[in-house]
Novice: 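First, the structure itself, so that you have it in front of you.
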Amino acid sequence: MRLAVRVKDLVKRYKNFTAVRGISFEIREGEIFGLIGPNGAGKTTTLRIIATLLRPTSGEVSVFGYDITKDAEKIRALISYLPEEAGAYKDMTGIEYLKFMAEVYGVDDSSALDKAIEIADLGPDIYNKVGTYSKGMIRKLLLARALMTAPKLAILDEPTSGLDVINAVRIRNIIKNERNRGTTFLISSHNMLEVAYLCDRVAIIHKGRIFEIGSPEELMRKYDVDNLEEVFQRVVISVEE
Amino acid sequence: MRSDLLTIIKKELRILKRREFLFGILMPILILYAIGNIVGTGVKSTVEEITSRGINITVICADPAPRNLSAFLSVINIINLSQNEEANVYNITLIMSEPVNKTIGELWKSIGEHNLNVSSIIREIREIGEVFSGRPPEEKVRSLLSKGVDVVIYVPENFTWNVLLGKSTSIYTYYKSPEDPFSMFGNIKTGIVNNFIELLGKTLNYFMITRYYPNFPPNFVYSPIVEHPYTYYRGEIISGSPEQVFGAFGAGFIIPMMMFLLAMYATTTAATNMGEEKENKTLETLLTLPIRRRNIVIGKVFGMIIVATAMAIFYMAGLILYMKSLTSSVSEEGEAISISFSSMTNILSPQGIILLGFGIVLTAGIGAMMGLIAGAFSDSVRTASTISSFIIMPLALPAFFFMYVPITSGDPRLYILMLDPFMDPIVIMKGLFAGNIMFCTISVAYLLGVFFVLLYVTASLFNSERVILGGFKKKKRIPKQRFGLGLVRIKI
């Protein structure tokens, strides 16, 4: 199967701090891949590098065969990135924001906009200014923005953060549907239930290193536990020891 | 690529629709207009009040010349007879000295043809029959000013004698202080009294000239020269004095002020825009969209140029409104401006005008890019505004230098000022008026160079991760750990 993402020996060093210490993993096309780890593990830095926002200090990263440093513009045309703490332009209405994004991606047909309106599920509020939205409403709008253009790779950092249970379940189902339509997902989440439900494979990252990669079932079997949360706990504790 | 640019420009121009932006533009205009009107109306009503009430002037005439021969009284009498409208605000009370010097009276007999009892354009002249004697007059002045008199004029005893000898002669004026000495309206009354003193001098001229040259027409004496000014400018003769011709272009004030505002708005709007992108967490998404980073920069710069130009134009309109409403001579000012614009546009070269416009756009763009760089190094609107202020102030302030220092297009100081890109539009304007198109072209070429260098720097910055990571963040203060009372740290 074709590789959507290939990360090899990735290192990211800031001024006095190394966030990522030589991680390697691969994401297959059409897969939902989860990157899980405690706070400060290096998840967001890894996602930002794949999303072309940051440059690796060393190592190789490619998306659909394109090198992250040389072909950043080509990669941006294929991906859609939803940061953990993202916002939208407050002086635009929800619908204006979605139209703006459709224009940026050069999507002319109204089906993309209809799809976004459906994902956002904001009802008549879609015609109100983003500045009047709650955190959950903004998150739904941003998810709609990220998925409306059917990207080849969607990088979602804590996709359901700030959403209530009903909306979180709905969004998870939408992600699964979009995967079935051909979108590859790279997801970072603290919610192990979500990761176990959504992801085909997960990587457990801690202190800038990946310690486990595999499907949730494989990892649960390996550690002889009933859920991913326990796997996560065991890996983190063993690293600390 | 083109559609990318248009999309970003459109996105940036949404600022124009913001309530805060409209409020920010309209409020200063309204405030300036209101201040102008308040001041203008205040001045007008004060003048009207003074006109209806009149200025109470008491003349203490210590000149012993007989009243029909006194030079001062003759002057007052001429003002009466001259039907001078300006004089129709003065209520004059005379306190005369007892005439003693009959010899002087004899000498002035021939000019004593004016009679004080004729109907008067001066609102009122009354002689109260009181005789002044003794010096100094301060005691009398205090008493008069405390009883509603606005000004006391003391005419010393040698007044007529000095006039007779052809020597300058003095009068002493004692003004009553306005009720609020810090009010600008208080000085209006003083100004009206000063007009009266000027009128006295002018009339004394008339008095002397008609005395010695009786065939001269009086109007000639009052206004012997009526000027019709023309200005020779680059081979053309233009109607109006240089002040009238060039004043409308605001070479001294409007253009430098507009440049200052334009540079300030372009820089701060761009810096604030970047600060907002960071504060509202929209920048990360924007930078992962399939738009070339260079186009994001260009889109933002063009958006900011349009926004800054709109703001500068609105503010200047407000300033002009203020000045017009203040001077309360709107029609005259407006006419002067239109005359000089129409006459000048025939002379200024079209290439020069295009270069000036191009220079202004480039300067706004340079300011916008400086603002974007400032915003890239900040993490909030507040930090972005602070950094941009540090950048803009030293670069935009030399605009005021042009207001006070005359610099011609050949002056070497102009080349130094040219290095500051915010000054170049003023420099180009000077070249344009001097007819030195080459000079304008060099200045525009320099601006183009700075523009593209900055565009490269800004696009590189946007291509780097610095724009995400920022540079200047407020350091969090970590309180020092204290033990017990915080006086002694004991190691066990």
Side-chain angles (χ1 to χ4, degrees), chain A residues 12 14-15 19 44-45 47-57 63 69 72-93 96-97 99-108 129-131 135 138-139 141-142 145-146 149 151-155 157, chain B residues 1-23 272-296 299-300 303 307 376 379-381 459-471 473:
Chain A
K12 179 62 190 176
Y14 296 113
K15 210 174 174 183
T44 299
T45 300
L47 297 193
R48 280 174 154 192
I49 290 170
I50 297 169
T52 74
L53 285 172
L54 300 180
R55 292 184 175 211
T57 308
V63 176
T69 47
E73 279 175 18
K74 285 177 184 160
I75 291 172
R76 282 181 210 129
L78 303 174
I79 66 165
S80 179
Y81 173 53
L82 175 67
E84 184 183 359
E85 285 184 6
Y89 299 108
K90 289 178 180 175
D91 48 4
M92 283 184 184
T93 63
E96 280 171 350
Y97 181 72
K99 279 181 183 169
F100 164 66
M101 287 298 172
E103 205 175 322
V104 167
Y105 280 91
V107 180
D108 292 332
K129 295 256 170 162
V130 172
K135 200 179 164 191
I138 292 175
R139 199 66 186 164
L141 182 74
L142 293 174
R145 187 278 300 166
T149 54
K152 290 199 82 177
L153 171 68
I155 305 164
D157 197 350
Chain B
M1 178 189 157
R2 206 176 138 211
S3 72
D4 287 357
L5 258 180
L6 285 177
T7 310
I8 294 292
I9 292 173
K10 257 175 17 191
K11 176 180 96 66
E12 302 309 338
L13 288 182
R14 76 193 193 282
I15 299 172
L16 292 172
K17 288 198 280 182
R18 280 188 194 173
R19 252 183 252 161
E20 308 93 79
F21 177 79
L22 293 173
F23 191 72
T272 309
N273 174 280
M274 274 300 288
E276 275 178 355
E277 294 265 20
K278 289 199 170 186
E279 209 167 272
N280 297 335
K281 314 278 182 200
T282 50
L283 186 66
E284 285 194 27
T285 306
L286 180 69
L287 294 178
T288 54
L289 296 178
I291 304 173
R292 296 180 83 173
R293 297 277 171 92
R294 192 187 59 201
N295 285 359
I296 292 178
K300 278 187 178 290
V307 171
D379 62 341
S380 65
V381 173
S460 302
L461 186 67
F462 270 66
N463 257 325
S464 75
E465 57 187 33
R466 174 59 58 198
V467 73
I468 291 289
L469 300 173
K473 283 181 186 172

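Labels below follow one simple rule: chain letters A, B, ... track the order of the sequence lines, proteins then strands, and each chain is numbered from 1. The structure presented is a predicted model; accordingly, all values stated were derived computationally and were not measured. For the numbers below, each heavy atom of this structure counts, side chains included, while hydrogens, waters and symmetry mates do not.
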Novice: Can you tell whether the side chains of B/Glu465 and A/Arg55 come within less than 4.0 Å, N to carboxylate O?
Specialist: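 Salt bridge: no.
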
Novice: Would you mind checking which part of A/Lys90 comes under 4.5 Å of any heavy atom in chain B, side chain (CB onward), backbone (N, CA, C, O), both or neither?
Specialist: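 The side chain, not the backbone.
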
Novice: Can you check whether B/Val467 reaches B/Met274 side chain to side chain, under 4.5 Å on heavy atoms?
Specialist: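 Touching, per the 4.5 Å side-chain cut-off.
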
Novice: If I measure from the heavy atoms of chain B, does A/Glu73 come under 4.5 Å with its side chain, its backbone, both, or neither?
Specialist: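 The answer is the side chain of A/Glu73.
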
Novice: Heavy-atom distances under 4.5 Å only: say whether B/Glu279 touches chain A with side chain, backbone, both or neither.
Specialist: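 Contact with chain A is absent: no heavy atom of B/Glu279 under 4.5 Å.
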
Novice: Check this for me: does any side-chain nitrogen of one of A/Glu103 and B/Lys11 sit under 4.0 Å from a carboxylate oxygen of the other?
Specialist: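 Answer for the salt bridge query: no.
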
Novice: Sort A/Ala88 into side chain, backbone, both or neither according to what part of it lies under 4.5 angstrom from a heavy atom of chain B.
Specialist: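 Contact with chain B involves the backbone of A/Ala88 alone.
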
Novice: Using only atom types and a distance under 3.5 Å, with no angle test, would you say the side chain of A/Arg48 pairs donor to acceptor with the backbone of A/Leu54?
Specialist: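 Not at all, since once roles are kept as given, no pair shorter than 3.5 Å links the two residues.
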
